[in-house]
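Input: a single structure, listed below in structure tokens.
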2 protein chains.
Amino acid sequence: MSVVRKTKSVKTLMSIFEASGSALSVVDLVEQLKVQMNKTTVYRILERLEGEGTIHSFIGSNGLKWYAKCSTCTKHEHDDVHPHFECRDCGKVECLEIEVTIPKLKNRLIESADVLLTGQCADCLN
Amino acid sequence: MSVVRKTKSVKTLMSIFEASGSALSVVDLVEQLKVQMNKTTVYRILERLEGEGTIHSFIGSNGLKWYAKCSTCTKHEHDDVHPHFECRDCGKVECLEIEVTIPKLKNRLIESADVLLTGQCADCLN
DNA sequence: ATTATTAATGCAACTTAGTTGCAAAAATAT
DNA sequence: ATATTTTTGCAACTAAGTTGCATTAATAAT
């Protein structure tokens, strides 16, 4: 069920993620691709690629959805504690290749941890 | 500017937060209060209370906005690294009274950190 | 290579969270 | 009691994301 076919649209999205070093918001992708494909298609392809493990998603500071293809995406075991960084000036969002340690909690089972850091990126610091 | 008046609606919302130990989603508040006040009013009161420092907000796992009144809200200096926990079974969201250590990053200025943990709460573990 | 099967797409209509402008009502100040 | 300023309700709107269904494109089977 739900085999991911290598359609033209899928290839287009894949190459966008390959080419981009940072995360991409769904809103931006839909806007950027609106002449080439329907927004529903964008949403559905992103869902499938995430299900496949090719990309991963997270929620930005304003509640909008972002996707990224990072090095840990290629591993089978998905690392849940890799943080994301959002620049308050240029709006760029990136995956950070560091690990954040989540303390163990008694009485609760933690299944995943989303860490979103906000601040100024290298480019915007000056 | 933007003095917070103690209107009936404000008092209602304040007492809801006092009575509740956990965080409250805006959607739930609007639904719960829809006979007593307009949804626009709910949104605006929450904004004002947050500006005042009485409550704080964050984004849940599905991108929706949540508000909570926690112990650290009463302090003037707002602690940016207090995590939130969302139960995947019952949907309850709570502030955790622990501190998560965010590693220093070279080349980036971190201004705030949002940590959202997802899993099973004490009640849903059995 | 053609045909059959199944997945993917486009489209339009819809749902839902959140916002805006403005007139009316309620708090606070005078 | 009146004037001032904030707050509220309402209706209309925006924008993100979803759904159903008919059509089209990929892959599998012959």
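Computed from heavy atoms alone, side chains included, the values below leave out hydrogens, waters and symmetry copies. Protein chains get the first letters and strands the later ones, always in sequence-line order, with residue 1 at the start of each.
Dashed line: the shortest gap from a side-chain N or O of B:Thr7 to OP1 or OP2 of D:dT8 is under 4.0 Å. Taking only side-chain nitrogens and oxygens, A:Arg5 never comes nearer than 4.0 Å to OP1 or OP2 of D:dA28.
Remark: C1' of C:dG18 and CD1 of B:Ile59 are 11 Å apart, rounded to the nearest angstrom. The NZ-P distance, from B:Lys11 to D:dT8, rounds to 12 Å in whole Å. Rounding to whole angstrom units, NZ of residue A:Lys8 and P of D:dT24 are separated by 15 Å. C:dT16 atom P lies 14 Å from atom CG of B:Asp28, rounded to whole Å. We find that CD1 of B:Ile45 is positioned 12 Å from C1' of D:dT6, with the value rounded to whole Å. As rounded to whole Å, 17 Å separates atom P of D:dT6 from atom CG of B:Leu49. The distance between atom CG of B:Leu46 and atom C1' of C:dT19, rounded to the nearest whole Å, is 14 Å.
A salt bridge links B:Lys34 with B:Glu31: the distance from a Lys NZ or Arg NE/NH1/NH2 to an Asp or Glu carboxylate oxygen falls below 4.0 Å. Ion pairing of A:Lys11 with A:Glu18 is absent here, as no side-chain N (NZ or NE/NH1/NH2) approaches a carboxylate O to less than 4.0 Å.
Among all heavy-atom pairs drawn from B:Glu111 and A:Gly119, the shortest one is OE1-CA, 3.7 Å. Looking at every heavy atom in both residues, A:Phe58 comes nearest to A:Ala68 through CE2-CB, 4.4 Å. Here the closest heavy-atom approach between residue B:Ser61 and residue A:Ile59 is recorded as O-CG1, 3.5 Å.
Following chains of ILVMFWY side-chain contacts shorter than 4.5 Å, one can reach B:Ile110 starting from A:Ile102, so the two form part of one hydrophobic cluster.
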(message) Applying salt bridge (Lys or Arg N to Asp or Glu O under 4.0 Å) to B:Glu94 and A:Arg108, what does each step give before you reach the verdict?
(response) CA-CA 12 Å; B:Glu94 350 173 56; A:Arg108 285 190 189 83; 3.0 Å; yes
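Between the side chains of A:Thr41 and A:Asn38, no donor-acceptor pair is found at a separation under 3.5 Å.
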(message) For a quick check, with a 4.0 angstrom heavy-atom cut-off, what is the B/S/- contact string for nucleotides 11-20 of chain D, read 5' to 3'?
(response) B----SBBBB
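Ring planes of A:His82 and A:His56: perpendicular class, angle over 60° (limits at 30 and 60°).
Rounded to 10°, the helix from C:dA1-D:dT30 to C:dT30-D:dA1 has 30° between the axis fitted to its first five pairs and the one fitted to its last five.
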